[in-house]
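Read the structure below first, then the notes.
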Amino acid sequence: EVQLMESGGGLAQPGGSVRLSCVASGFTFDKYAINWVRLAPGKGLEWVAGISASGGSTYFADSVKGRFSISRDNANNTASLQIFNLRDEDTAIYYCAKGVRAFWGPQDYWGQGALVSVSS
Amino acid sequence: DIVMTQSPLSLSVTPGQAASISCKSSQSLLHRDVRTYLYWYLQKPGQSPQLLIYEVSNRFSGVPERFSGSGSGTDFTLKISRVEADDVGVYYCMQSMQYPPTFGQGTRVDIK
């Protein structure tokens, strides 16, 4: 059974940083991209970042480029999303999602999400 | 970026009745590899999104047959043949024909 589980997040201050982690199981981790998609209050789903299966390519939405960093550890089936210089609009549930192929693209399985709340 | 536009944005359906959601893209989603990269997701209340349909009309593993997808080019439709109470939630279309992947605004479906 494919499973992804996020951790990290919580309450953070504007200008601060937060690190989200994703642990995966049930599939060959190093063959698939990992994506991060967020759901902000009152809004729809927004793809924000992705990393290729090998970790050699990273992808970011223009809205977060320069402030988000993504990485993965294929030896431990984990991926991470780090958010710097937090803004109010980063408040959202962040989902880790397995890609359907090795590079950027759609997602088939999603984690339960991690809440990031930005407030002073 | 490709803009995805869904309609209606909300839908109230009687159990057992059919429902239909439209999704239009600002550019054709037909790739040069002859595949069309249009997906449908459902986010049930309190849950994470789940994949329903991939590449326009293919049901994902475990998705009931009452869900079907159709369309081509820039116009796509998700149909639920007989809505059940468990189908409530927000439905999203998404394209991955062109980077970055983009979602529609979502269509909220509830039961009358």
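The sequence lines fix the lettering, A, B, ..., with proteins before strands; numbering per chain opens at 1.
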Handout entry: side-chain hydrogen bond (donor to acceptor under 3.5 Å, both in side chains) partners of residues 82-92 of chain A, not counting sequence neighbours, each pair once
Key =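 Applying side-chain hydrogen bond (donor to acceptor under 3.5 Å, both in side chains) to every pair that reaches into residues 82-92 of chain A, excluding sequence neighbours, yields A:Arg19-A:Gln82, A:Arg38-A:Asp90, A:Arg67-A:Asp90.
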Quick check: is [Y] connected to [X] through a chain of hydrophobic side chains (ILVMFWY, heavy atoms under 4.5 Å apart)?
X: B:Tyr99; Y: B:Leu29; answer: yes
X: B:Trp40; Y: B:Val88; answer: yes
X: A:Val2; Y: B:Tyr39; answer: yes
X: A:Met5; Y: A:Val37; answer: no
X: A:Val100; Y: A:Tyr109; answer: no

Handout entry: Side chain, backbone, both or neither of A:Trp104 within contact of chain B (heavy atoms, under 4.5 Å)
Key =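 Contact with chain B is through the side chain of A:Trp104 alone.
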Within 6.0 Å of [atom1] in [X], more than 12 heavy atoms from elsewhere:
X: A:Arg101; atom1: CZ; value: yes
X: A:Tyr32; atom1: OH; value: no
X: A:Lys65; atom1: NZ; value: yes
X: A:Lys31; atom1: NZ; value: no

Which atoms of [X] are under 4.5 Å from chain A, going by heavy atoms: the side chain, the backbone, both sets, or neither?
X: B:Glu55; value: neither
X: B:Tyr37; value: side chain
X: B:Tyr92; value: side chain

Handout entry: Pair A:Tyr95-B:Gln43, side chain to side chain contact (heavy atoms under 4.5 Å, CB included): steps then yes or no
Key = CA-CA 12 Å; A:Tyr95 298 98; B:Gln43 185 163 28; 2.8 Å; yes
Handout entry: Within-4.5 Å side-chain heavy-atom neighbours: A:Gln107 and B:Tyr41
Key =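 A:Gln107 vs B:Tyr41: side chains touch.
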Exercise for the section: Considering only heavy atoms and a distance below 4.5 Å, find which of A:Ile93, A:Leu39, A:Asp62 pairs most often with chain B. Expected result: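 Among the listed options, the one with the most contacts to chain B is A:Leu39.
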Problem - Interface residues of residues 100-112 of chain B facing chain A - heavy atom cut-off under 4.5 Å - result: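 Near chain A, by residue number: B:Pro100, B:Pro101, B:Phe103, B:Gln105.
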Practice task
Please determine, among B:Pro49, B:Ser96, B:Ser48, B:Gly46, the option with the most heavy-atom pairs under 4.5 Å with chain A.
Solution key: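 Highest number of pairs under 4.5 Å: B:Pro49.
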Exercise for the section: Could you grab the distance from atom CD of B:Gln95 to atom CH2 of A:Trp47, nearest 0.5 Å is fine? Expected result: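 It comes to 11.0 Å.
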